[in-house]
Amino acid sequence: MAGAIQLSHQVAPGIFAIPVPIPYPFRYVNCYLLMPSPGSSDGPALLDCALDTTEARAGLEAALREHGLEFGDLERLIVTHHHPDHYGLAGLIEAKGPRVWMLDVELRRGHIFWTEPERMNQMGQALFHQHGVADEYLADLSQEMAKTRSRVHPAQNPQTFRDAETLTLAGMHYRVVWTPGHADGHAMLLREADGVLLAGDQILERISPNIGLWAYSYPNPLKHYFESLEKTAALGASQALPGHYRPILDIAGRTAELKAHHHERLGYLLNLLKPTPQTCWQVSLELFPGNLNLAQRRFAWSETLAHLEYLVAEGKIKRLDLDGIVHYCR
């Protein structure tokens, strides 16, 4: 129809970006439709799927209709990681017929966040309390998490792939690249024929992805993220198609910027710490000042914790247990 707004656009041969609206500061998550060449026996595949809001679901469905597709026409849904803006609609799409695939590590370490809510909530609350999170904040957090969980439908029978495995998607070969840090089981896909990298949230154009420590995650995610940045730069990819914002052409340059950013934050955090012990909650209020909403404050706390634990592991600061509450000091 003349004058109609195009909801997807081609960003590489056979790959169409679908910016789906989400109720987070990012505003959009990039889902990617992989279309087979004419005559191929393979069906189309989708990478990531947003979360279940009326606007997000309608936006994704409308973009697929531009290609004459519905959810049931997809051969596979590939999930880069379990975060709600990438995984939320997975179970609903699976129910239409496509199989949902994720890294084997993410099945064990991320997918369970949605399938074992009671245990995960208990573990999360215990970690928050252990690190000095204010009681009034914890009281509101359970409502916030219930809202998020209502928007996520985990796959009932997810399939898995492994690091370094080659997948055939829409007639093209992609190598799986495991990049823990933002999520324990975060996966990228490298199309080796032309160097196109489906990068998920490993590297983003304008900001750093959240590198947070959670009750169910690896104990030193920032160390993993630094290693994953090295791994990403060494791929020699031609362009990265990220989960948010625009494609990245200078991948090595962007990975260097992200490393420098986190080292700068580590230096700043080191200067914030005093000989007097402080909790992670206290330090996070200094590291991320301002009037943050509930979700932003939670991410600020988890990012602070990841950086503190990195400094502990590097022998730069001390971790103390004072009456069951963890404190940090120089």
Side-chain angles (χ1 to χ4, degrees), residues 12 15 30-32 34 42 45-49 75-83 85-87 90 94 98-115 154-155 157-204 208-214 216-243 248 251-252 254-255 258-259 262 306 310 313:
I15 302 178
N30 293 326
C31 303
Y32 292 96
L34 313 181
D42 286 347
L46 183 67
L47 184 92
D48 290 340
C49 60
E75 189 168 77
R76 296 195 204 186
L77 167 63
I78 308 296
V79 178
T80 59
H81 61 300
H82 74 283
H83 293 167
D85 51 331
H86 297 259
Y87 186 48
E94 180 189 48
R99 288 196 165 188
V100 178
W101 292 75
M102 65 183 67
L103 190 74
D104 52 359
V105 177
E106 195 67 333
L107 179 68
R108 300 191 302 269
R109 304 195 61 85
H111 173 71
I112 58 169
F113 183 78
W114 307 113
T115 58
N157 187 32
Q159 311 296 302
T160 60
F161 47 79
R162 300 179 305 278
D163 183 34
E165 185 177 345
T166 297
L167 306 179
T168 302
L169 303 172
M172 298 292 288
H173 300 308
Y174 292 81
R175 176 158 56 93
V176 176
V177 184
W178 177 33
T179 47
H182 179 62
D184 289 357
H186 187 282
M188 305 190 300
L189 298 177
L190 176 65
R191 190 163 72 180
E192 293 183 288
D194 57 6
V196 172
L197 180 66
L198 294 165
D201 282 356
Q202 167 65 8
I203 56 172
L204 302 175
S208 169
N210 175 259
I211 309 301
L213 199 164
W214 307 100
Y216 63 101
S217 64
Y218 290 137
N220 194 350
L222 185 56
K223 179 177 184 292
H224 284 295
Y225 186 59
F226 282 142
E227 293 169 350
S228 292
L229 286 174
E230 296 287 347
K231 190 174 185 180
T232 302
L235 293 173
S238 59
Q239 67 167 320
L241 303 179
I248 298 169
I251 296 171
R254 185 58 186 146
T255 58
L258 287 165
K259 280 189 291 185
H262 284 285
Y310 180 87

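Numbers here simply count residues along the sequence, with the first being 1.
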Asker: Measuring from atom CG of Asn220 to atom CD of Glu227, what distance do you get when rounded to the nearest 0.5 angstrom?
Answerer: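 Here the interatomic distance stands at 8.5 Å.
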Asker: Could you report the tightest heavy-atom contact between Arg109 and Tyr216, atom names first, then the distance?
Answerer: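 Answer, listing the atom of Arg109 first, then Tyr216: O-CD1, 3.0 Å.
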Asker: Does a side-chain heavy-atom distance below 4.5 Å link Gln239 with Ile248?
Answerer: no
Asker: Is there side-chain contact between Leu197 and Leu189, with at least one heavy-atom pair below 4.5 Å?
Answerer: no
Asker: How long is the gap from CH2 on Trp101 to CG on Leu47, to the nearest 0.5 Å?
Answerer: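 With rounding to 0.5 Å, CH2 (Trp101) is 14.5 Å from CG (Leu47).
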Asker: Compare all side-chain heavy atoms of Leu46 with those of Tyr32 and state whether any distance is below 4.5 angstrom.
Answerer: no
Asker: Once rounded to the nearest 0.5 Å, what's the spacing between atom CG of Leu167 and atom CZ of Arg191?
Answerer: 13.5 Å
Asker: Given 3.5 Å as the limit, does a donor-acceptor pair link the side chain of Asp184 with the main chain of Tyr218, or not?
Answerer: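 Side chain of Asp184 to backbone of Tyr218: a pair is present.
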Asker: Under the rule for side chain to side chain contact (heavy atoms under 4.5 Å, CB included), what residues qualify as partners of Ser228, not counting sequence neighbours?
Answerer: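 So Ser228 forms a side chain to side chain contact (heavy atoms under 4.5 Å, CB included) with Thr179, Pro180, Gln202.
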Asker: Does NZ belonging to Lys259 count more than 12 external heavy atoms closer than 6.0 Å?
Answerer: yes
Asker: Quick check: do Ile78 and Phe161 have side-chain heavy atoms less than 4.5 Å from each other?
Answerer: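 Counting from C-beta outward, Ile78 and Phe161 do come under 4.5 Å.
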Asker: Can we say Lys231 and Asp163 salt-bridge, meaning some charged N sits less than 4.0 Å from an Asp/Glu carboxylate O?
Answerer: yes
Asker: Would you say the side-chain atoms of Tyr225 pair up with the backbone N or O of Asn210, donor to acceptor, closer than 3.5 Å?
Answerer: no
Asker: Is there side-chain contact between Leu103 and Trp178, with heavy atoms separated by less than 4.5 Å?
Answerer: yes
Asker: If you look at every heavy atom in His182 and Pro209, which pair is closest and at what distance?
Answerer: ND1-CB, 3.7 Å
Asker: Show your working on side-chain contact (heavy atoms from CB on, under 4.5 Å) between His262 and Ile211 and close with a plain yes or no.
Answerer: CA-CA 10 Å; His262 284 285; Ile211 309 301; 3.9 Å; yes
Asker: Would you give the length of the straight line joining atom SG of Cys31 to atom CG of Asp48, rounded to the nearest 0.5 angstrom?
Answerer: 6.0 Å
Asker: Would you mind reporting whether Glu106 and Val79 have side-chain heavy atoms less than 4.5 Å apart?
Answerer: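 With C-beta onward as the side chain, the pair stays apart.
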Asker: When you measure from the side chain of Asn30 to the backbone N and O of Pro242, does any donor-acceptor pair fall under 3.5 Å?
Answerer: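 Side chain of Asn30 to backbone of Pro242, a donor-acceptor pair under 3.5 Å: yes, one is there.
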Asker: Might you point out which heavy atoms bring Gly243 and Leu204 nearest each other, and give the distance in Å?
Answerer: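 Closest pair (atom of Gly243, atom of Leu204, distance): N-CD2, 4.2 Å.
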Asker: Taking the side chain as everything from C-beta on, heavy atoms only, tell me whether Leu169 gets closer than 4.5 Å to Asp42.
Answerer: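 In short, these two side chains do not touch, never coming nearer than 4.5 Å.
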Asker: Looking at every non-hydrogen atom in both residues, tell me the closest pair between Gly212 and Ser217 and how far apart they are.
Answerer: O-OG, 4.2 Å
Asker: Got a second to check how far Leu198's CG is from Leu34's CG, nearest 0.5 Å?
Answerer: 6.0 Å
Asker: Give a yes-or-no answer on whether the side chains of Thr166 and His173 include a donor-acceptor pair shorter than 3.5 Å.
Answerer: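 Not at all, the side chains of Thr166 and His173 share no donor-acceptor pair under 3.5 Å.
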Asker: Just so I know, are the side chains of Pro98 and Arg76 near enough to count as touching, which here means a heavy-atom distance under 4.5 Å?
Answerer: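 Pro98 does not reach Arg76 side chain to side chain.
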Asker: Does Ser238 use its side chain to pair, donor to acceptor, with the backbone of Asp194 at less than 3.5 Å?
Answerer: yes
Asker: For His186 and His81, take the angle between the two ring planes, folded into 0 to 90°, and tell me which bin it lands in: parallel under 30, tilted 30 to 60, perpendicular over 60.
Answerer: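 Answer is tilted, since the angle falls between 30° and 60°.
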Asker: Donor-acceptor check, side chain of Gln159 to backbone of Arg99, threshold 3.5 angstrom: yes or no?
Answerer: no
Asker: Of all heavy-atom pairs between Ala90 and Val100, which one has the smallest distance, and what is that distance?
Answerer: O-CG2, 3.8 Å
Asker: Does either side chain, that of His111 or that of Tyr87, offer a donor lying less than 3.5 Å from an acceptor on the other one?
Answerer: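 Tyr87 and His111 do have a side-chain donor-acceptor pair below 3.5 Å.
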Asker: Locate the shortest heavy-atom distance separating His82 from Phe113; write the atom from each residue and the value.
Answerer: CD2-CB, 4.3 Å
